[in-house]
Amino acid sequence: MSLTLYNTLTRRKEPFTPIHPGQVTMYCCGVTVYDDCHLGHARSYMVWDVVRRYLQWRGYSVCYVQNFTDIDDKILNRAQAEGSTMQVVSDRYIAAYFRDIRRLNILDADEYPRVTEHIPAIHQLIQALENQGYAYAIEGDVYYSVQQFAEYGKLSGRQLEQMQAGAGGRVDPIDPEFKKKYPFDFALWKAAKPGEPAWESPWGQGRPGWHIECSAMIRARLGDAIDIHGGGGDLVFPHHENEIAQSEVLTGQPLARYWLHNGMVTVNGEKMSKSLGNFTTIRALLEGSWSDYPQPVDPMAIRLFVLQAHYRKPLDFTKDAIVAAENGWQTLKEGLTLDWQRLNLSPQMPIPNELDAESVNRFQTAMNDDLNTAAGLAVLFELAKTLKREFNLRCYQGLSELTDIQLHQRSQTLTHLAQILGLEIQSESIPESGVDVAWVEALLQQRQQARQEKRYAESDRIRNELQAIGITLIDQPDGQSRWHRS
RNA sequence: GGCGGCAUGGCCAAGUGGUAAGGCAAGGGUCUGCAAAAUCCUCACCCUCGGUUCGAAUCCGAGUGCCGCCUCCA
């Protein structure tokens with residue numbers, strides 16, 4: 001049973017075989033750091049996080065690199081608007097990136113290269129391209145000549161003639177800012193305008209173009225050819241197409257064996273994006289400042305929301321979907337946090353036969369099929385519900401359907417599989433509100449007394465009072481009441 | 001205009017030839033002083049029209065609708 005992945009390059013699912021057996025090199029395009037990340041970013045990095053976790057679980061050693069683009073017009077604009085520098089702006093949003101992404105339990109990459117750290121490597125690449133006739137310099141700019149690369153368009157499946165013929169008014173060959181010879185040539189190096197931050201180069205003061213950074217950083221950190229290159233579907237063209245053009249003419253080998261692209265997060269069916277202004281930041285969701293649903297969303301619910309859809313499909317972001325994911329997470333969480341004490345069992349019970357093989361197999365089959373996390377989650381939900389049911393049977397009815405060993409086995413299996421999807425109970429996310437436990441217990445005593453004396457108006461009053469401050473009561477058959485925060 | 005993708009129950013979403021996973025929600029029964037919790041049960045002619053096949057949500061053709069990319073974008 002082998003892992004298959006959908007490769008954008010071939011438009012097919014292909015069995016995954018890394019260049020070096022047992023080792024995987026993986027690069028994903030990171031963010032341009034000029035603002036907080038939104039849910040679309042979260043989805044992308046969560047997906048690559050799961051790819052990586054799954055590969056590791058399958059026994060591969062994975063080297064995962066994700067860049068920060070810290071030279072860019074938007075960063076510059078922001079810096080100028082606030083009277084600071086690109087470095088200040090990008091440092092700030094890199095910190096914001098880590099703050100948000102870590103809360104979503106996305107594991108850190110092995111390396112986070114920045115463009116500003118790779119200027120010499122970029123120069124080398126451009127120089128080589130120029131020497132070999134793939135690039136030309138004009139007045140301090142350097143452009144890649146796409147017509148020199150016969151395979152240009154192979155990733156995105158387009159042909160230059162067609163693009164030119166059909167692009168309508170969007171291709172503007174007479175833009176005075178550009179001196180390129182052909183409309184689809186793209187900048188490798190841009191001459192600095194007065195007052196802009198600039199780096200010394202063989203072509204004069206300037207800064208790198210958008211696409212060259214990734215070619216340079218992949219080469220510097222991972223080598224000429226990598227196993228997996230990931231990114232949002234909106235990067236297929238031109239960004240990844242251009243990376244291929246830059247790298248492959250020099251190395252003579254495929255830049256990446258597998259090109260993976262995630263689908264967009266949409267809002268009312270439209271892509272979530274900065275320019276449309278329809279984005280919701282990760283921070284807003286976590287903090288509860290999203291206007292459609294002004295309460296903090298559990299990071300794991302966001303994970304569940306994302307992972308319940310297949311990664312290549314568009315995912316529509318709505319309040320209802322988030323609420324459903326929160327409720328769904330609640331169910332999983334109950335399965336993940338059994339009250340072993342109430343079961344009179346030790347959570348550490350040694351188990352002879354480890355995990356539940358059928359669940360693991362089903363999960364693995366789903367994940368092997370191009371990371372079908374939605375189908376994999378079904379296995380988790382079934383485990384969680386089985387556990388919950390067993391717990392209730394034992395606690396409420398004194399019955400049981402599973403042996404202690406089976407119970408432990410399911411529990412461990414659930415925890416184990418959930419971890420592959422990054423679904424884990426985060427201890428700091430358990431809210432410790434300022435409720436005075438002793439006070440609650442005292443009220444409960446009063447209420448129990450009232451119930452015994454059939455003063456139901458009084459008992460209901462107490463229940464309502466507690467409910468109003470977010471405490472839910474559960475009356476048990478023995479007359480005692482449990483309570484939990486709603 | 002070109003290239004690519006998607007259309008499955010109230011909502012989300014798997015399923016790529018043998019008669020529809022899972023989640024959320026909803027309805028009903030049991031339990032309960034009433035609730036809650038628990039528990040049991042119920043809930044899909046798979047966008048349309050043709051075709052292939054013993055058999056199609058699944059393959060082929062046509063159509064309709066929606067989305068992405070072709071400009072910065074995860």
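Residue numbers start from 1 in every chain, and the chains themselves are labelled A, B, ... in the order their sequence lines are given, proteins ahead of strands.
- Between A/Lys274 and B/rA74 there is no side-chain polar atom (N or O) within less than 4.0 angstrom of OP1 or OP2.
- Contact check, A/Asn392 against B/rA37: no side-chain N or O comes under 4.0 Å of OP1 or OP2.
- If you take atom P in B/rA37 and the same atom in B/rG27, they sit 13 Å apart, rounded to whole Å.
- When both pairing distances are held under 3.5 Å, B/rG4 makes a Watson-Crick or G-U pair with B/rC67.
- Within 4.0 Å of A/Val265, counting heavy atoms only, lies at least one base atom of the nucleic acid.
- Nucleotide B/rU16 is matched to nothing when pairs are restricted to Watson-Crick or G-U wobble geometry with both distances under 3.5 angstrom.
- Atom NE2 in A/His239 sits roughly 21 Å away from atom P in B/rG68 (whole-Å rounding).
- Ion pairing between A/Glu401 and A/Arg410 fails under the 4.0 Å rule for side-chain N and carboxylate O.
- Residue-level contact check: A/Arg461 touches neither bases nor backbone, having no heavy atom under 4.0 Å from any strand.
- No aromatic stack links A/Tyr396 and the base of B/rA38, using centre distance under 5.5 Å and interplanar angle under 30°.
- Checking B/rG50 for Watson-Crick or G-U wobble geometry (two distances, each under 3.5 Å) identifies B/rC60 as its partner.
- For B/rA25, one of the phosphate oxygens OP1 or OP2 lies less than 4.0 angstrom from a side-chain nitrogen or oxygen of A/Asn327.
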| Worked check of side chain to side chain contact (heavy atoms under 4.5 Å, CB included) between A/Asp292 and A/Ile322 | CA-CA 10 Å; A/Asp292 283 15; A/Ile322 292 296; over 6 Å; no

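- Among the heavy atoms of the strands lying under 4.0 Å from A/Asp475 is at least one base atom, whether or not backbone atoms are also near.
- In this structure, A/Leu421 places its CG atom 14 Å from C1' of B/rG23, rounding to the nearest Å.
- The separation of B/rU53 from B/rC60, taken at their C1' atoms, amounts to 12 Å, rounded to a whole angstrom.
- Residue A/Lys13 is out of contact with every strand shown, counting any heavy-atom pair closer than 4.0 Å.
- With a 3.5 Å ceiling on both atom-pair distances, the Watson-Crick or G-U wobble partner of B/rU42 is B/rA26.
- Residue A/Glu326 is classed as having no contact, given no heavy-atom separation below 4.0 Å to the nucleic acid.
- The 5' end of RNA chain B is approached more closely, in terms of each residue's nearest nucleotide, by A/Val236 than by the other of A/Val236 and A/Leu39.
- Contact annotation for A/Ser459: base contact, defined as any heavy-atom pair under 4.0 Å involving a base atom.
- No donor-acceptor pair closer than 3.5 Å links the side chain of A/Asp227 to the backbone N or O of A/Met26.
- Partner of A/Phe68 under the ring pair (Phe, Tyr, Trp, His ring centres under 6.0 Å) criterion, out of A/Tyr93, A/Tyr34, A/Phe98: A/Phe98 alone.
- Remark: of the listed residues A/Leu444, A/Thr472, A/Leu443, A/Leu444 is the sole one forming a side-chain contact (heavy atoms from CB on, under 4.5 Å) with A/Trp483.
- With sequence neighbours left out, A/Glu196 forms a side-chain hydrogen bond (donor to acceptor under 3.5 Å, both in side chains) with A/Arg207.
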Could you list the protein-to-nucleotides 4-12 of chain B atom pairs, N/O on both sides, closer than 3.5 Å?
{"from": "B/rA7", "atom 1": "OP1", "to": "A/Lys313", "atom 2": "NZ", "distance (Å)": "3.0"}

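- Within the structure, a side-chain polar atom (N or O) of A/Thr331 is placed less than 4.0 Å from OP1 or OP2 of B/rC24.
- On a pure distance criterion of 3.5 Å, no polar donor-acceptor pair joins the side chain of A/Arg482 and the base of B/rA37.
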| field | Stepwise side chain to side chain contact (heavy atoms under 4.5 Å, CB included) test for A/Ile94 and A/Arg114 | value | CA-CA 10 Å; A/Ile94 285 172; A/Arg114 296 167 65 154; 3.5 Å; yes

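- Heavy atoms of A/Lys388 sit under 4.0 angstrom from primed sugar atoms or phosphate atoms, though from no base atom.
- Using a 4.0 Å heavy-atom cutoff across all strands shown, A/Arg158 reaches at least one base atom of the nucleic acid.
- Within 4.0 Å (heavy atoms only), A/Gly153 reaches no atom of the nucleic acid at all.
- Annotation: side-chain hydrogen bond (donor to acceptor under 3.5 Å, both in side chains) contacts of A/Gln445 (sequence neighbours excluded): none.
- Within the nucleic acid shown, A/Lys271 comes within 4.0 Å of at least one base atom, counting heavy atoms only.
- Residues A/Arg394 and A/Asp339 are not paired through a salt bridge, judged by the lack of any N-O separation under 4.0 Å between the basic side chain and the carboxylate.
- Each of A/Tyr311 and A/Ala325 was matched to the nucleotide of RNA chain B holding its nearest heavy atom; the match closer to the 5' end belongs to A/Tyr311.
- Taking atom P on both B/rC54 and B/rU16, the two are 23 Å apart, rounded to the nearest angstrom.
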